[in-house]
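Below is one structure, written out as structure tokens, with a few remarks after it.
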Protein chains: 2
Amino acid sequence: MTPPPAPPRRASPSTVRRLSLYLRALDTLAAEGVGTVSSQGLAERSGTTPAQVRKDLSLFGSFGRRGMGYEVPDLLHRVRAILGLDRRWPVALVGAGRIGSALFAYPLFRERGFEIRAVFDNDPAKIGSCREGLEVRPVTELPCLIRERGIEIGIITVPAHAAQAIATVLVESGVRGILNFAPTRLHLPPEIEVNEVSLSMELEALSFALAARERP
Amino acid sequence: MTPPPAPPRRASPSTVRRLSLYLRALDTLAAEGVGTVSSQGLAERSGTTPAQVRKDLSLFGSFGRRGMGYEVPDLLHRVRAILGLDRRWPVALVGAGRIGSALFAYPLFRERGFEIRAVFDNDPAKIGSCREGLEVRPVTELPCLIRERGIEIGIITVPAHAAQAIATVLVESGVRGILNFAPTRLHLPPEIEVNEVSLSMELEALSFALAARERP
DNA sequence: CGGGGCTTGTGAAAAAGTTCACAAGCCCCG
DNA sequence: CGGGGCTTGTGAACTTTTTCACAAGCCCCG
């Protein structure tokens, strides 16, 4: 009934992005008690096309029934599994500044299975203070705590000039994936997954689009 | 000397992303006092290829000199202009929670010309309080203040269920571009530029990549 | 139990984006 | 002032991603 039809091929970054959007839409549908959804319906709620939805999903298996569409609870479960969200991910946060603290309190992380199990900072004023019940520890303790708590993902929200050193230590301590909010490019071994988030880049994309409209 | 060789064609989203990266690299180079950089050098610092750098830039004009590369200060200026950063962008922030406050204090925004000129929230506990010298105002005052202060870009950091209503009011008040941090899809007229930032999507992309490695 | 109406899954076509490869051009040195 | 060594700008080839189009399949109704 659900044989992955081919070796689970590489999905492009855009496909992965869309899978996240499908997941979000399915969450909503499930909450609304909708039992079944078509590629059409999913496309409308995710801002893409029905064909795209079907292609994306077909990379990982045949989850629908012809004539009927997809069962919401089933597809929800499948997409979660595809995205690797059918397990808990132990996460460390490095940098307890404003962005770090905001992320820490972001409820969707926990809902998706990301568990922040350690928070680090180098500012003596912050060390020892608590973020939602977790104590901020100095960066010197990072290697030890990362290993002890089995942390696999690190989120970097330190200033750009400190980010590379932090990233290197994280990787040496066993972290396999890094979400980098610092506006700097990290140099790490290729087996480490790095995802850069640049808040100003997002505004710049807006600015580009708006400025382009004003040009002849 | 710099005639845009063709009607400034549409740049793909990936090109725009890379332009942001080039800008970041050029900022660093300028700060280091480097006078000239080749497409090779720019590529290394932005994680792409020399050919890609040249193609991206050639969409907008001929900025280099053969045999020599690009003059850093000149190219910096050009890229800023291409991205629409050669002017100030008046911005409003809707939602003075953690993420909103973090963005407000993010120095890179201001450096790039984005000026937060109004902050709104509906929480009576927050209204009247200050964020870096700017008073948080109730959402009821939004239309008036947006117009009064000539705001063109809105940043939405309210909970998902409130985002659509806020977005609609923003657009009705004259905003042309929206950066949406709320995990929900906005329905707005097509002439409005919308850029969605989903923090959990970024973590999910990591999770997908890490989980994929563990699969057979 | 068979036909009609939908909707999936998927090859094939089209479009978009990236890489290649090289002529054109610039600077410097002799 | 001419040749050599680099580096850009750019058509053409290639790759990836998206869209199209339709056969296959499922359900329901009569």
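A, B, ... follow the sequence lines: proteins, then strands. Residue 1 opens every chain. Hydrogens, waters and symmetry mates play no part in the numbers below; they use all other heavy atoms, side chains included. Given the structure is predicted, the values throughout are model-derived calculations rather than measurements.
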Side-chain N or O of Y70(A) closer than 4.0 Å to phosphate OP1/OP2 of dG9(C): yes
dT19(C) pairs with, by Watson-Crick or G-U criteria that keep both distances under 3.5 Å: dA12(D)
Spacing of D74(A) atom CG relative to dT8(C) atom P, expressed in whole Å: 14 Å
Base-pairing assignment for dC1(C) (Watson-Crick or G-U wobble, both under 3.5 Å): dG30(D)
Listed nucleotide nearest any side-chain atom of Q52(B), set dT18(D), dT18(C), dC27(C): dT18(C)
Below 4.0 Å: OP1/OP2 of dG9(C) and any side-chain N or O of S62(A): yes
Salt-bridge criterion met for R110(A) and E132(A) (N-O under 4.0 Å): no
Phosphate-side-chain proximity, S14(B) and dG17(C), N/O vs OP1/OP2 below 4.0 Å: no
Candidate pair M201(A) and L21(B), rule side chain to side chain contact (heavy atoms under 4.5 Å, CB included), full reasoning: CA-CA 8 Å; M201(A) 186 187 287; L21(B) 293 174; 3.6 Å; yes
Any strand: nucleotide that pairs with dC6(D) via Watson-Crick or wobble, under 3.5 Å: dG25(C)
5' priority, DNA chain D, between T48(A) and M68(A) [closest heavy atom]: T48(A)
Value in whole Å for how far the P atom of dT10(D) lies from CZ of F60(B): 14 Å
Side chain of R66(A) (C-beta onward), nearest among dG9(D), dG25(D), dT17(D): dG25(D)
Least distance between heavy atoms, G100(B) atom then T157(B) atom: CA-OG1, 3.6 Å
S58(B) side chain, from C-beta outward: closest of dT8(C), dT18(D), dT10(D): dT10(D)
Pairing partner of dA13(C) (Watson-Crick or G-U wobble, both distances under 3.5 Å): dT18(D)
Below 4.0 Å: OP1/OP2 of dT18(C) and any side-chain N or O of R18(B): yes
Distance, rounded to the nearest Å, where L57(A) contributes CG and dG9(C) contributes C1': 11 Å
R54(B), nearest nucleotide to its side chain (from dT8(D), dT10(C), dT17(D)): dT8(D)
Distance, nearest 0.5 Å, that separates CZ of R176(A) from CH2 of W89(A): 5.5 Å
Electrostatic pair E196(A)-R24(B), nearest N-O below 4.0 angstrom: yes
Presence of S39(A) side-chain N/O under 4.0 Å of dT7(C) phosphate oxygens OP1/OP2: no
N or O in side chain of S12(A) less than 4.0 angstrom from dT16(D) OP1/OP2: no
